[in-house]
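Because only heavy atoms are used, hydrogens play no part in the values below, and waters and symmetry mates are left out as well, while side chains stay in.
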Amino acid sequence: MTSTQASDINNQGWIAGSVTYYWNTGRGTQAVIWR
């Protein structure tokens, strides 16, 4: 399972957020920028 969350957007339209990956033994979170 994957969860995404947008946190902020700048004047150029870039969106900052995070992606969290879930698997059997835990999870991992990665910062991302969408443009």
Side-chain angles (χ1 to χ4, degrees):
M1 181 171 116
T2 304
S3 172
T4 59
Q5 179 177 344
S7 301
D8 202 359
I9 187 169
N10 69 9
N11 291 336
Q12 289 78 35
W14 292 33
I15 303 168
S18 64
V19 176
T20 302
Y21 302 95
Y22 297 90
W23 56 88
N24 294 352
T25 58
R27 69 178 191 183
T29 301
Q30 177 71 45
V32 294
I33 295 180
W34 294 279
R35 51 181 185 146

Through direct or indirect side-chain contacts below 4.5 angstrom among Ile, Leu, Val, Met, Phe, Trp and Tyr, which residues connect to Trp14? Ile33
Please write out which residues are connected to Trp34 in a hydrophobic cluster, directly or through intermediates, given that two of Ile, Leu, Val, Met, Phe, Trp, Tyr count as joined at side-chain heavy-atom separations below 4.5 angstrom. Ile9, Ile15, Val19, Tyr21, Trp23, Val32
Contacts of type side-chain hydrogen bond (donor to acceptor under 3.5 Å, both in side chains), residue [X], not counting sequence neighbours:
X	answer
Gln30	none
Ser18	none
Ser3	none
Ser7	none

For Asn11, check side-chain contact (heavy atoms from CB on, under 4.5 Å) against everything at least two apart and list the hits. none
